[in-house]
Amino acid sequence: MAPKVQLRLNGIRKSFPGKSEPVKVLDGLTFDIHEKDFVSIIGPSGCGKTTVFNVIAGLAEPDEGMLLYRGQEVENLRGRVGYMMQKDLLFPWLTVLDNVLLGLDAKGVSPAEARDTAREYISTFGLSGFENAYPKMLSGGMRQRAALIRTLVLDPDILLLDEPFSALDYQTRLYLEAVLLEAVETFNKTVILVTHDIDEAVALSKRVVVLSHRPTTVKSVHDIDLSERSPIAARSDPRFSGYFHTLCAELDIQTRATA
Amino acid sequence: MSRMTETAMTKPGAAAPAAKKSVAARRRSRGNALDSTLGRSALQILAVVGFFLLWEVAVDIGWANAFLVGQPSGILGVLVSSIADGSLFVDAGYTVFEALLGFAFGTVIGSLIGLSLWYSVFVARLTEPFIAAINSVPKIALAPIIILWFGTGLTSKVALAVSLTAIVALITAYQAAKDADKDLQALLFSMGADKHRIFKKVIVPSTLPAIIATFRINIGFALVGAVVGEFISSQHGLGHLIYTASSLYDLNSVWAGLFVLMLVGFVFYHLVELTERWLLPWKQEQHSTQINV
């Protein structure tokens, strides 16, 4: 049985005004996101990965093309996505609790109920006792965890993760990858992850979408079939390095200084 | 726990604690012994007392002319007598009241206009040259017109203080609103927030530190407005006191007025600091960020 398509990007084109002529960034991008999918998008620097997210989240309008959500054409998924970036984007003037509440009171949940839900999530993700701390007092990993809580508590249809862990040290990163995978499993979420890290893409994803250089199109889509999907176990799967090398070849990565 | 093991470890060898002490001593000697709250206060008081003593003696032995520079003992006499007859409190009260009203109106009006310019890029671009033009006029030059328009009483002083403070608050608030973190706005937008909510949740809190920073400047400007207004035409106030005394060559009274003004400014400045700590709890440093070079 073919998996059900949750979100389809169809022929998305987007250019930005350049110095002399418009710069074509997305040149007819088409790919599918399945229900409960975990898709990583990888591609060379500056290929417009973040632009893809901005189009989905409604932060940028495509010049051409359309989004189909569960078969219906939509303008964007504003209000239905959970956006997470490399920067934690915690509001410095709000406490951890108020940061988590930020999206909830916009959704029209009653304040008391929102507070309870927020506290529950905070304790699930091991930040109990830091509810009233300001982001500045937390470590980078804790801040990113708070950002993840804020994203999940909204119960979004799709999580858009734009290199959320790339500013963290390797150990914290492995740990947060595990936290993410577990949360996605528990809450049945669909995830689109933009990453520079092929390693991370293979370890976490069900599928990997490889983008080409600008003007960007989809170069290929790979199904990742590992017996276990946990950050460390996945990396020790015998097939892991096979995927890794295939994707490196796709990206045309050169490790020698002189070509 | 770690402290316990530490003491346990230093116990056996006699050399270990000695070495530790010398490190601690070296560490202590790096900081100045006078560099403590008490030490600094003592030095500051010493400097002030020394200054006045020098002044007093210089006039007594004829190095300086009492008629032209005044004398601390005379200033003290003026202060004591004007406190006794209550006139000092009346004058200071007028000036403080004018300055505070001017500061409050100016800051509120300026900040509100500055913030509201964020709502419309069109209006902001349209008004930008006018704001720049108004800003480039030395507001003190408006004083004669303001006195003509608003009379010689309280209103003209407040209006002058407003004209000085409002533009500073406006420009600062608008600039800070423009500079507010775009990513935070994008995040809220992706959550479905409308412009008004972004304004409330991102723009206002992120401009607040800048607006409070203008308090420091504007409290001074408000005093300038009040005092200059009093110079031109008034019946009361510290500016009135200074101006009339100087036309009578009563230097001691001029100094008395100036020192009280200084005290008022000093108190205002610290009130601003308290307000800042109260309004921006998230900005307070956990520990000093100054690098020890």
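All chains are named by letter (A, B, ...) in the order of the sequence lines, taking the proteins before the strands, and each is independently numbered beginning at 1.
- Heavy atoms of A/Leu154 lying under 4.5 Å from chain B belong exclusively to its side chain.
- Heavy atoms of B/Asp181 lying under 4.5 Å from chain A belong exclusively to its side chain.
- Counted within 6.0 Å of CZ on B/Phe221, heavy atoms from surrounding residues, nucleotides or ligands total 12 or fewer; the atom is thus considered open.
- Using a 4.5 Å cut-off between heavy atoms, A/Met85 touches chain B through its side chain atoms alone.
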message = Walk me through whether A/Trp93 and B/Ser206 qualify under side chain to side chain contact (heavy atoms under 4.5 Å, CB included).
response = CA-CA 8 Å; A/Trp93 49 85; B/Ser206 58; 3.5 Å; yes

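- Here the options are B/Leu187, B/Leu188, B/Asp183, the test is side chain to side chain contact (heavy atoms under 4.5 Å, CB included), and the partner is A/Tyr83; only B/Leu187 passes.
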Quiz item: Should A/Lys87 and B/Leu184 be marked as a side chain to side chain contact (heavy atoms under 4.5 Å, CB included) after you check the CA-CA gap, both sets of side-chain angles, and the distance that decides it?
Solution: CA-CA 10 Å; A/Lys87 288 202 281 172; B/Leu184 294 185; over 6 Å; no

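- Contacts of B/Pro209 with chain A are absent, with no heavy-atom separation under 4.5 Å from either backbone or side chain.
- Atom CG of A/Leu160 is separated from atom OG of B/Ser190 by 8.0 Å, given to the nearest 0.5 angstrom.
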Q.
Go through it in stages, so that I can follow the logic: the residues are A/Lys136 and B/Trp282, the test is side chain to side chain contact (heavy atoms under 4.5 Å, CB included), and I'd like the CA-CA distance, side-chain angles, deciding distance and then a yes or no.
A. CA-CA 8 Å; A/Lys136 196 175 161 175; B/Trp282 56 276; over 6 Å; no

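- Rounding to the nearest 0.5 Å places CG of A/Leu59 at 11.0 Å from CD of B/Gln185.
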Between A/Arg80 and B/Met191, does the side chain to side chain contact (heavy atoms under 4.5 Å, CB included) criterion hold? Intermediate values first, please. CA-CA 7 Å; A/Arg80 287 196 270 177; B/Met191 287 177 174; over 6 Å; no

